[in-house]
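Counting starts at 1 for both ligands and their atoms, in listed order. If you read the sequence from its start, that first residue is 1, and numbering goes on from there.
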Amino acid sequence: MYDICIIGAGVVGTNIARELSKYQIRVCLVEKEEDVSCGASKANSGIVHGGYSDEPGTLKAELCVKGNRMYEQLNKELNFGYRETGSVVLAFRDEDMKTLEKLYQYGIKNGVGGLAIIDGEKVRELEPYVSKEVKAALYCRNAGVTSPYEFVIALAENAITNGVELKLNTAVVGIEKVEDYFKVITNKGEIQTQYIINAAGIYCDKISSLIGIDDFHIIPRRGQYVLLDKEQNYLANSVIFQVPTELGKGILVTTTYHGNLMVGPNAEEISDKDDVGTTEDVLENIVKTARMSVPDFDMKQAITSFAGNRPISSKKDWIIEESRVAGFINLIGIDSPGLTASPAIALKVAGLLKQAGLELRNKKDFMAYRKPIIQVKDKNFKGDINSTNPDEHIICRCEQVTETEIIDALHRNIAIKSIDAIKRRTRAGMGKCQSGFCRSRVKEIIARELHIPVEEVTQRGKDSPGLPERAKRGKYIKL
Ligand SMILES: Cc1cc2nc3c(=O)[nH]c(=O)nc-3n(C[C@H](O)[C@H](O)[C@H](O)COP(=O)(O)OP(=O)(O)OC[C@H]3O[C@@H](n4cnc5c(N)ncnc54)[C@H](O)[C@@H]3O)c2cc1C
């Protein structure tokens, strides 16, 4: 019997798991995929938002600001990668000025520090490559960039270190309330638990309906991106937004935590929750729109495209509550800024559990620290693709990933064995050649370290579905 069963190991579920691992309770974290961070948490903009975009008084606004303030400390403890870069929202037309003023007022009411409306000249001082058409911007000092999937991995590893049981490849297919506890039915058998936390992201409606709560629905809203080579990152110092549209924060141009230039996302409602393909017409439009902010990025330096799906709820604001089924805590429609807010969401859920009667007594031996996987390579680093020293043996040339880093990732407390799982932890395959050089080398190391035949190593888990349909590079780089 667990005290708590968390369904979904995205950034929300793993933040909750890590928070609850501070207490003397039995927690399991159930995930249908082969690894953590396989949903929206791996395919987003990676922005730690300042907190001025959402209307004051909403849960989104409150938890975004609180979550933002927790990142620096969390990164010190968990080493996943976070950098405060600031952000600007650009205004091109007179009517955009009204939007800047509205966002500024939202920010002040939401308690966001470091906000100012700056004129075009000042914008170009901060961001020399923005368009000459820019008239002004809302500057926010407290925004930043993070590596979203590394954040989830770090949270999960640390939660496991502190006693949480992670069950991968385990899909929840049914829930039964039995007197004062639940039976969670999965493809791997039954789990008994006092409380359930529904953190299933885009599938939160499906999980909720298993217990008879179906008064809302979730629509997937896809966002596509183009990722460019690190050579292009001089074009954006901070996160460069345009004024938001009805569908969201609009197209941004940013340098990612690991230094690529990234443009996107659009916002398109689709019917298939799992469709994370990219399409040429949308990417063309994204590039065109992004050029209004930063005209001169070079699409010959585009290395890949990808997409993620936001869970848009018919309830509009997030719902985080103990539902009418006692002991079942629902998290509904955690779309953007869910990544930013996730540490604060975890605190809120812990509060709800206390209110529901769960005793949360601190563990004396809670271990807050988690060692990074990726090692910083300074100018003294001697990497060589033929080295026999694993610390210097370069497996991925583009991202300078060593054999030691891959071995480290494989022997941590999350049992992984796919090429993509290694990619998310070490960056092997994330670079310009998109794994053309390192794929077979990574495969061999996985097989050797896990004592399995090379043929058993898959790209992404047991059934290894093919890569999502992606726009052909040749077409969209013409722009
Ligand atoms: C295009 C895009 C851009 C975004 N940009 C930002 C940004 O810059 N900043 C920001 O703050 N937020 C951003 N967001 C929002 C943010 O990514 C999400 O709010 C956040 O990732 C949601 O995390 P989650 O854990 O709720 O969902 P997910 O990461 O989707 O995790 C849910 C998990 O539940 C699992 N699951 C589902 N059903 C079952 C089942 N039956 N059994 C077991 N497991 C199950 C899934 O496999 C998945 O791993 C963006 C989102 C998108 C899509």
Is it the case that the side chains of Tyr225 and Thr278 hold a donor-acceptor pair, with the cut-off being a distance below 3.5 Å and no angle test?
no
Distance-only polar pair, side chains of Asp274 and Tyr203, donor-acceptor under 3.5 Å:
yes
Under-4.0 Å salt bridge between Glu55 and Lys102
no
Less than 4.0 Å from some atom of ligand 1, heavy atoms are found in residues Ile7, Gly8, Ala9, Gly10, Val11, Val12, Val30, Glu31, Lys32, Glu33, Gly39, Ala40, Ser41, Ala43, Asn44, Ser45, Gly46, Ile47, His49, Thr170, Ala171, Val172, Ala199, Ala200, Gly201, Tyr203, Ile207, Gly223, Tyr225, Gly308, Asn309, Arg310, Ile334, Asp335, Ser336, Pro337, Gly338, Leu339, Thr340
Looking at side-chain heavy atoms only, is the closest gap between Tyr52 and Leu100 below 4.5 Å?
no
Using only heavy-atom distances, determine whether the side chains of Asn44 and Ser336 contain a donor-acceptor pair under 3.5 Å.
no
Under 3.5 Å, is there a donor-acceptor pair between the Gln242 and Thr289 side chains?
no
